[in-house]
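One structure is given here, and the rest of the page talks about it.
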Amino acid sequence: MHNKILILDFGSQYTQLIARRVRELNVYCEIHPYNNYPAIDNSVKGVILSGSPFSVHDSDAPKPNLDEIKGKLPLLGVCFGAQLLALTSGGKVMPSQIREYGRAMLSIADSQCTLFKGISQNTQVWMSHGDTITEIPSDFVITAGTEDVKVGAYFIKGEKTFGIQFHPEVYHTTEGLSILRNFVVDVCECQQDWTPASFVNETVENLKSTLQNDKVVLGLSGGVDSSVAALLLHQAIGKNLTCIFVDNGLLRKDEFEQVLNSYKTLGLNVIGVDAKQRFFDDLKGISDPEAKRKSIGKNFIEVFDEEAHKISNVKWLAQGTIYPDVIESISVNGPSVTIKSHHNVGGLPEKMNLKVVEPLRLLFKDEVRRVGNELGLPVNILHRHPFPGPGLGIRVLGEVTPEKVRLLQEADSIYINGLRQYDLYDKIWQAGAMLLPVQTVGVMGDERTYEFVVALRAVTSTDGMTADWYHLPYEFMAKISNEIINRVKGINRVVYDISSKPPATIEWE
Ligand code: XMP
């Protein structure tokens, strides 16, 4: 069993980042809500208390039960976590008089403190809090502070309990990863053995013993998650895994054939289903984005179900669910409000009456990529930009027709190939083109044209939750715009989207 760090979540927007950083250190960790965490067993080597949007004085502020933890296991409180430990131990926490938000320089008072071993004096840290610790109990020792924050960090005498009033997990805390390393490796004594290779070995063994001789069906999308899930299952159960890859007519140009070939080359037992017509027929007359998503989702489930029924004796449905999806549904804040109904395969397990197996449910996206790399997934799939399940169905704005999809596929393909040629593809988190539901006047040769507008979008992001528009070079935009307008008859104008998320979203629908 791996050593593990337990992260108790008080609802901070950064909790997942703490987990990512700990995993970057090749130490396994799990996030659990502060009020519903599993029994502490021998595998738990230490606990981290996250930040929170609450003030410790709010009447509905989280009040965790730490009886099994504090003083018994190494414990690190981050921001709210640190304030909570100070308050419940007899200290004082007050609203800050000055803004404690953003960058600050930390001066370390106790360089012997294990947490700050090897950390530079005046290292940059990131603060984000409305309260501050003003008085500490007598058994607390201050180990670092900033100009405005006296108690930047502390430990409790006789315990392995530490508090820090800054966020080590965010990028702007320059030596944050080293501080976390000092905690998980030196204080908690965790082995750094959580690697992609160990994950693959253990997962394959687990899958073998869970699935034995059962048959499993899995929907492939061409994306990295379902592909990595398929490879893991393939290693575990070989031909007992059947993959279904549905052509809904809304994929990128030539993508269905290319990806299907890659899958076959990998030795996967994959059935490609041409269901284009069915999706287009059902989309006729629908222009509302959510109604389009529902139509595409419903048809996908039906096609998948029909195909799965052709395989005798299937017992399991495999899905490429990853950690952020799992956390969303069990977080302190509850499943977040549906802004867009993203997971259009959500209805599959209920409909099919199969047991569900999700080999990636503990991994973050970047970890999925590392595991994919370990498994030999070709780079064209491994580094593919995220692509929405409803595909071009939500990038043709308004009503979807086969002709509009064809136009968009052509423009999109010029754009994406251009990004690859100019070495821009891997610098961008996600890129794509949208066909707008308006036509504009243009002139080509001596003729007046009245044709569609295409909008190009490229964003940087780490998780799709927030995103910034990518600053494409003007020469590149000029070249692509020219190429699209000259080559794709039916489009006479190209625009570039310069909105960030929030307030905009990545997709236009
Ligand atoms: P938004 O548009 O909400 O997108 O900023 C965030 C990420 O989610 C993808 N996305 C979807 N993925 N089904 C999916 O599987 C959907 O309906 C859907 N809508 C958006 C989007 O491409 C981006 O990566």
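As the structure is a prediction and not an experimental result, all values here were calculated from the model. As the structure lists them, so they are numbered: ligands from 1, and atoms in each ligand from 1.
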| query | For residues S128 and Y14, is any side-chain donor paired with an opposing acceptor at under 3.5 Å? | reply | no

| said: Quick check for you: to the nearest 0.5 Å, what is the distance between L268 atom CG and Y263 atom OH? | reply: 8.0 Å

| Nitrogen or oxygen of Q430 less than 3.5 angstrom from that of ligand 1 | yes

| Should F387 be counted as touching ligand 1, given the test is an N or O pair under 3.5 Å? | no

| message | Evaluate I506 for polar contact with ligand 1, using N/O atom pairs at a separation under 3.5 Å. | response | yes

| field | Under 3.5 Å side-chain donor-acceptor pair for N26 and T195 | value | no

| field | Between R361 and T321, a side-chain donor and acceptor under 3.5 Å | value | no

| field | Enumerated ligand 1 atoms positioned under 4.0 Å from heavy atoms of G389 | value | 12 (N), 13 (N), 14 (C), 15 (O)

| query | Going by the order shown, which atoms of ligand 1 are within less than 4.0 Å of some heavy atom of K501? | reply | 1 (P), 3 (O), 5 (O), 6 (C)

| request: Say whether E507, considering both its backbone and side-chain N or O atoms, lies within less than 3.5 Å of an N or O atom on ligand 1. | output: yes

| said: Once you measure the plane-to-plane angle for Y28 and W194, does it fall in the parallel (<30°), tilted (30-60°) or perpendicular (>60°) bin? | reply: tilted

